[in-house]
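Here's the structure we're looking at; comments come further down.
As the structure is a prediction and not an experimental result, all values here were calculated from the model.
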Amino acid sequence: MALTGRTALLAALGTLPVGIWEPSWTGILAVNAPLALACACDFALAAPVRRLSLARSGDTSVRLGEAADVTLTVTNPSSRPLRARIRDAWPPSSWQPGTEVTASRHRLTVPAGERRRVTTRLRPTRRGDRRADRVTIRSYGPLGLFARQGNHEIPWTVRVLPPFTSRKHLPSKLARLRELDGRTSVLTRGEGTEFDSLRDYVPGDDTRSIDWRATARQSRVAVRTWRPERDRHILLILDTGRTAAGRVGNAPRLDSSMDAALLLAALASRAGDRVDLLAYDRRVRALVQGRASGDVLPSLVNAMAHLEPELVETDARGLTSTALRTAPRRSLIVLLTTLDAAPIEEGLLPVLSRLTQRHTVLVASVSDPHIERMATARGNTEAVYEAAAAAQAQAERHRTAEQLTRHGVTVVDATPDNLPPALADAYLALKAAGRL
């Protein structure tokens, strides 16, 4: 039987009978002075842990689903080389399931008076701040018989931001915005409400756009061109109540709402509009106001990083009052909430007129793609029953949407993947119609 490593050393010292793999340390040390001396020397030659100097560097923020690298620099000021195993501890949600052991544990050798670096790769599974826990170092002697162990507190925080997966739609929406704004050759005549310039009349132009005074001053007919109004105010409201906690697909409804809000904010800020954010359930969870166009998106992403659904019923009256204080002048109010009948009929509808009489209101909601698949299921009795239940659920959402529409509200109801572009299209349609 081959003996290797620590077992081979014990056998060489004559203390380990052949075939015994787990010796009694008390007995061995009591009867074998050479082994005791070897252990004492091994312990003495292990580099001290407390004298080590540790420092962190690396990423301080990362988007959900991406990797962040945090580097740990270990300086060994002693006269003995460091042979160590290191555990860099972080919260469990800092890793993909099953990868913590391999990602957080490192082997390291640092010669006397030198420094070395190890990198811990995090791949968080939840938004918010992830703070480093203690660093545990086990320093071994040259024989590997004994080790010194100690902990170091090295603070570091990695902020996990929303993934903003809908940013892939931004180029196409910006192209549509340029069409509305008259910066491309496919300018849509007559759209918008803000005067832009005069040009010569072309057959097919709306005769209501003819500028008769300018025509009288020159020998040809002149028409006015318009562009969407700028510097309008948009208030994005995220409902963070209990309905936002429901999972739609692989993520909570709140995450899908945030993704749609980020796309709309990016588009509106490029259009020259002012964008604010309010997250509310029974109190204000986040508020972003008065940011310049270049700072809007980073500010919203940072504010959303800590948002989590609260398992309470949203106070619709409090939400309405807070929205009116946040947007005292005419604005576009975009409320990202549910279209479930009870919260809308009992909560929002009784106070909706307070918003619609002063503002343009748009309600956006995430629908469940599983219900859509159920509605088309056929083939057996169970599938037919599922289809009937899905059709009933869809009918209730349609009735709720129609109630909101009768109150002058624009409603966008789409699946998580389709909600961001659908909301952006609704914004562009309102802008083209001059309703902002």
For atom [atom1] of [X], decide whether the heavy atoms of other residues, nucleotides or ligands shown that lie under 6.0 angstrom number more than 12.
X      : atom1 : value
Arg63  : CZ    : yes
Arg117 : CZ    : no
Glu153 : CD    : yes
Arg105 : CZ    : yes
His306 : NE2   : yes

Pairing donors with acceptors under 3.5 angstrom, does anything connect the side chains of [X] and [Y]?
X      : Y      : value
Thr360 : Arg330 : yes
Tyr385 : Asn380 : no
Asp281 : Thr314 : no

Can [X] and [Y] be counted as an ion pair, charged N to O under 4.0 angstrom?
X      : Y      : value
Lys173 : Asp425 : yes
Arg131 : Asp129 : yes
Glu179 : Arg176 : yes
Glu310 : Arg285 : yes
Arg121 : Asp69  : yes

Do [X] and [Y] have side chains that approach each other closer than 4.5 Å (heavy atoms only, starting at C-beta)?
X      : Y      : value
Glu372 : Ser367 : yes
Leu428 : Leu177 : yes
Val296 : Val288 : no
Leu54  : Thr73  : no
His398 : Leu339 : no
Asp276 : Leu236 : no
Thr405 : Val409 : no
Leu349 : His407 : yes

#### Entry: Derivation of the side-chain hydrogen bond (donor to acceptor under 3.5 Å, both in side chains) call for Ser93 and Arg130
CA-CA 8 Å; Ser93 59; Arg130 298 292 170 267; 2.8 Å; yes
### Task
Could you walk me through whether His106 and Asp88 pass the side-chain hydrogen bond (donor to acceptor under 3.5 Å, both in side chains) test, one step at a time?
CA-CA 8 Å; His106 311 277; Asp88 189 4; 5.2 Å; no
